[in-house]
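A note on names: the letters A, B, ... follow the listed sequences, proteins ahead of strands, and every chain is numbered from 1.
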Amino acid sequence: MNIFATFKTRIDAVIGQLVAEGALPAGLDLSKVAAEPPREAAHGDVSTNAAMVLAKPAGKPPRDLATLLVERLKQVTDVTDASVAGPGFINLKIADNIWRDGLHDVLVQGTAYGDADVGKGEPINVEYVSANPTGPMHVGHARGAVVGDALARLLSKAGFAVTKEYYINDAGGQVDNVAAALRMRYLQVLGKITADDVKGALERKEIQYGGEYLIPAAEALVARDGDKWAAIEDPAQWVPALRDFTVAFMMKIVKEDLAALGVQHDVFTSEKALVTAGKVNDALKFLADAGLTYTGVLEPPKGKTPDDWEPRPQLLFKATQFGDEVDRPLAKSDGSWTYFAADIAYHKDKVDRGFTNLVNIWGADHGGYVKRVKAALSALTAGKGQLDVLLAQMVRIFNNGEPVKMSKRAGNFVTMRDLIDEVGKDVVRFIMLTRKNDAPLDFDYAKVTEKSRENPVFYVQYAHARGRSVFRHAAEMFPTADLSDAGLAKADFTRLTDPDEIGVMRGLANWPRTVEGAALAHEPHRLAFYMYDLASQFHALWNKGNDAAELRFLQAGDQAVSTARLALVRGVGLVIASGLKVFGVDPVEEMR
RNA sequence: GUCCCCGUAGCUCAGCUGGAUAGAGCACCAGAUUCCUAAUCUGGGGGUCGUGGGUUCAAAUCCCGCCGGGGACACCA
């Protein structure tokens with residue numbers, strides 16, 4: 001049970017009681033009344049803003065109302081004291097046993113501790129990565145992948161029914177371009193042209209993709225089809241077949257890279273399949289029937305008119321009716337659908353599959369695209385659909401402060417693989433989650449593998465490993481003791497009396513509300529900071545034992561106090577493990 | 001020209017959707033290792049929250065105007 005939620009309920013009950021007695025007017029809105037940990041522990045255990053929020057509707061000055069509430073709150077179960085502070089805060093002191101009960105919950109629930117039901121089982125669709133199947137993924141994709149995956153796990157923990165989705169852009173011109181590049185590599189593998197010929201074609205911009213990662217794809221094509229495509233010159237003949245081959249090959253690489261990062265999607269939706277199934281036509285008909293499309297001519301963009309700008313009539317979507325700056329084109333000048341048109345169909349498809357709650361993780365370079373997709377979703381769902389777009393900002397790679405720009409295999413960018421090979425998936429994942437998504441992130445190979453407090457991955461893992469180390473010693477010291485979670489749950493927690501021990505239990509009690517808040521705000525990075533803080537509390541408690549031997553976790557002559565403290569150590573380990581689980585990071589047993 | 005994001009200690013960043021004296025790490029200074037991992041811990045100095053208004057009991061947080069940095073701006077995806 002979430003301790004702060006419990007007290008929020010009890011505070012509401014007190015207010016309800018005063019209303020029933022006529023001391024407060026009926027119909028007060030209690031939604032803004034909060035029960036939170038005070039900023040400073042010295043203020044108490046639970047703090048509420050009730051008097052300040054209700055002052056105006058109740059027609060009483062905040063401090064008067066607070067005084068009234070305090071008298072009643074003192075009578076509430078588990079409250080040992082209540083006082084008014086500052087402009088009208090009410091600080092409650094509560095019985096230490098509440099924190100001990102919280103620790104008991106941790107041991108009983110394990111890594112499920114902190115699971116919430118704010119999602120009420122509602123479906124939510126999290127779409128992330130969705131990298132074009134044109135080549136290996138880069139570090140930007142890695143960030144999107146990690147943020148999306150952690151958010152999905154976080155939302156699950158908070159009680160949402162999450163679907164993790166990947167949109168394959170396999171229908172546009174760029175996959176035709178890769179097919180053309182693949183054909184060059186194919187001819188190269190067959191010995192019909194040289195590597196320099198390919199380079200020349202790239203420089204003349206006859207092909208757009210020069211990465212060597214296409215060579216294995218070409219070899220695979222030779223293995224499957226021999227040289228049959230070499231003789232066929234007409235693009236209309238070879239493009240469709242080579243395109244499908246390339247997409248399949250690239251998606252295999254994408255999935256392998258994602259697997260190396262521990263990322264797995266539930267659903268892969270193909271743009272081409274949507275087009276083939278007529279979903280684009282359906283979606284546009286839906287908008288047309290609603291009177292939201294028309295044929296018109298767009299103005300040139302102000303301040304930056306392209307050289308080749310010319311007025312052309314196009315089918316447009318009335319995005320301005322939904323808050324966008326201009327109406328957006330659905331058809332190109334040659335009559336084919338735009339990417340946006342297909343994207344509308346894709347989002348309609350999500351809605352048709354039962355999702356009204358959508359989250360998309362995109363790169364920051366797609367920022368200008370957000371409004372039109374939100375507009376489209378609004379139009380498709382009569383305003384009922386919720387779409388949150390998280391833009392993952394730039395990732396810059398360094399090694400000891402020196403920028404790293406090139407990849408061995410991809411040419412002009414650092415790939416996701418490079419990153420994983422360099423520092424391991426756990427470090428990649430954790431570090432990517434130490435910033436909010438809309439802040440740029442610097443990733444330094446040297447710093448993220450450093451063994452110091454400055455490196456949050458290490459610091460948190462070290463706390464976990466230290467806890468495990470205590471257990472290894474405990475098993476020797478108390479060979480007959482039941483050190484399982486269930487056994488520890490039966491320990492005598494009243495032996496935990498040191499202020500810092502209580503403090504750590506307070507920290508554990510904050511986990512559920514941290515999970516809830518982070519999930520609702522779509523901000524998984526908050527968990528990273530929570531874990532760092534908890535680790536810090538734990539390291540501090542550990543070191544207290546260095547100064548005062550009687551505070552060490554293990555007391556050879558006192559099994560009762562030792563098991564109680566082991567329960568606390570285990571509680572910290574479980575909550576850290578639970579946070580790392582959301583991050584998709586494996587907790588370590590020891591540091592080496 | 002328009003839109004989006006960012007601006008908090010010398011540096012890197014938090015700040016729990018409006019609350020109390022704005023917090024961490026690094027760096028700097030001073031300390032703690034016969035003892036569960038000192039890879040850690042304890043203490044100290046350091047901030048007009050870019051700036052000017054507004055909203056209210058209360059603003060780093062919400063609204064408006066500026067300044068500075070980044071990104072995106074017809075038919076590409």
Side-chain angles (χ1 to χ4, degrees), chain A residues 32 34 36-40 43 47 49 52-53 55-56 61-63 85-89 91 132 134 169 171-175 271 297-306 308-312 314 316 324-326 328-329 331-334 336 338-340 342-343 363-371 391 393-394 434-436 438-440 442 447 450-456 458-459 462-463 465-467 469-474 477 510 513-514 516-518 520-521 523 525-526 528-530 532-533 536 539-547 549 552-555 565 569 590-591:
Chain A
K32 287 199 154 182
E36 314 171 299
R39 187 168 295 248
E40 295 200 29
H43 290 146
S47 166
N49 59 355
M52 289 182 289
V53 186
K56 191 177 264 185
R63 286 197 64 103
F89 282 101
N91 293 318
N132 290 343
T134 55
N169 297 130
Q174 90 279 5
V175 282
E271 179 186 0
V297 178
L298 288 173
E299 297 288 313
K302 292 210 169 62
K304 185 200 168 193
T305 306
D308 58 346
W309 189 87
E310 56 186 41
R312 13 172 206 260
Q314 292 173 298
L316 301 172
D324 203 354
E325 279 86 51
V326 293
R328 301 294 181 175
K332 301 179 204 170
S333 43
D334 67 0
S336 63
T338 59
Y339 177 80
F340 179 48
D343 221 3
D365 55 342
H366 288 64
Y369 194 68
V370 174
K371 280 194 179 181
L391 298 176
Q393 279 290 344
M394 192 81 77
T434 54
R435 292 276 180 282
K436 49 190 171 205
D438 45 14
D442 286 352
K447 277 190 182 163
E450 192 175 272
K451 293 170 177 173
S452 77
R453 176 164 197 167
E454 198 180 352
N455 176 6
F458 166 78
Y459 191 71
Y462 184 36
R466 269 186 151 176
S469 164
V470 176
F471 272 83
R472 289 190 287 271
H473 285 271
M477 191 180 283
N510 259 321
R513 57 189 299 279
T514 303
E516 221 173 276
L520 291 175
E523 291 187 352
H525 77 275
R526 287 189 197 178
F529 288 92
Y530 171 89
Y532 187 85
D533 287 344
S536 175
H539 286 308
L541 185 59
W542 178 293
N543 270 76
K544 230 179 152 181
N546 283 341
D547 300 332
R552 282 177 210 152
F553 301 127
L554 300 178
Q555 301 292 328
R565 287 175 183 172
V569 171
E590 59 182 324
M591 309 301 297

Would you say [X] places a side-chain N or O within less than 4.0 Å of OP1 or OP2 belonging to [N]?
X	N	answer
A:Trp542	B:rA38	yes
A:Lys56	B:rC57	yes
A:Arg312	B:rC75	no
A:His539	B:rU42	no
A:Arg466	B:rA38	yes

Which value, in whole Å, describes the distance between the [atom1] atoms of nucleotides [N] and [M]?
N	M	atom1	answer
B:rU55	B:rC64	P	15 Å
B:rU61	B:rU56	P	16 Å
B:rA74	B:rU2	C1'	14 Å
B:rG69	B:rU12	P	16 Å
B:rC49	B:rA59	C1'	11 Å
B:rG7	B:rG15	C1'	15 Å
B:rA14	B:rC6	C1'	15 Å
B:rU51	B:rG68	P	15 Å

Nearest to the side chain of [X] - [options]?
X	options	result
A:His366	B:rU21, B:rA24, B:rA77	B:rA77
A:Tyr369	B:rC57, B:rA74, B:rA77	B:rA77
A:Ala465	B:rC75, B:rU37, B:rC3	B:rU37
A:Phe553	B:rA74, B:rU42, B:rC36	B:rC36
A:Lys332	B:rC36, B:rU40, B:rC75	B:rC75
A:Asp365	B:rC75, B:rA72, B:rC41	B:rA72

How would RNA chain B look in dot-bracket form, 5' to 3', counting Watson-Crick and G-U wobble pairs with both distances under 3.5 Å and writing | for bases paired to another strand?
(((((((..((((.....[...)))).(((((.......))))).....(((((..]....))))))))))))....

Under the salt bridge (charged side-chain N to carboxylate O under 4.0 Å, His left out) test, residues paired with A:Arg312 that sit two or more places apart:
A:Glu310

Base, sugar-phosphate alone, or nothing: which one does [X] contact when heavy atoms must sit under 4.0 Å apart?
X	result
A:Gly367	nothing
A:Glu590	base
A:Thr338	sugar-phosphate
A:Asn455	nothing
A:Ser452	sugar-phosphate
A:Glu450	nothing
A:Ala364	sugar-phosphate
A:Leu554	base

Which nucleotides of nucleotides 8-17 of chain B have their base under 4.0 Å from a protein heavy atom (B), which only their sugar-phosphate (S), and which neither (-), written as one string 5' to 3'?
----SSSSBB

Whole-Å distance separating the CZ atom of A:Phe458 from the P atom of B:rG25
16 Å

Fit a plane to each ring of A:Phe553 and A:Trp542, take the angle between them on a 0 to 90° scale, and name the class: parallel (under 30°), tilted (30 to 60°) or perpendicular (over 60°).
perpendicular

Who passes side-chain hydrogen bond (donor to acceptor under 3.5 Å, both in side chains) against [X], sequence neighbours left out?
X	answer
A:Glu523	A:Arg526
A:Asp438	none
A:Glu325	A:Lys371

CE (A:Met591) with more than 12 external heavy atoms under 6.0 Å:
yes

Could you list the protein-to-nucleotides 28-34 of chain B atom pairs, N/O on both sides, closer than 3.5 Å?
none

Which residues pass the ring-ring contact (aromatic ring centres under 6.0 Å, His included) test with [X], sequence neighbours left out?
X	result
A:Phe471	none
A:Phe529	none
A:Tyr462	A:Phe458, A:His539
A:His43	none

Under 3.5 Å, which protein N or O atoms sit close to an N or O of nucleotides 44-47 of chain B? Give each pair with its distance.
none

Is B:rU17 syn or anti, taking syn as a glycosidic angle within 90° of 0?
syn

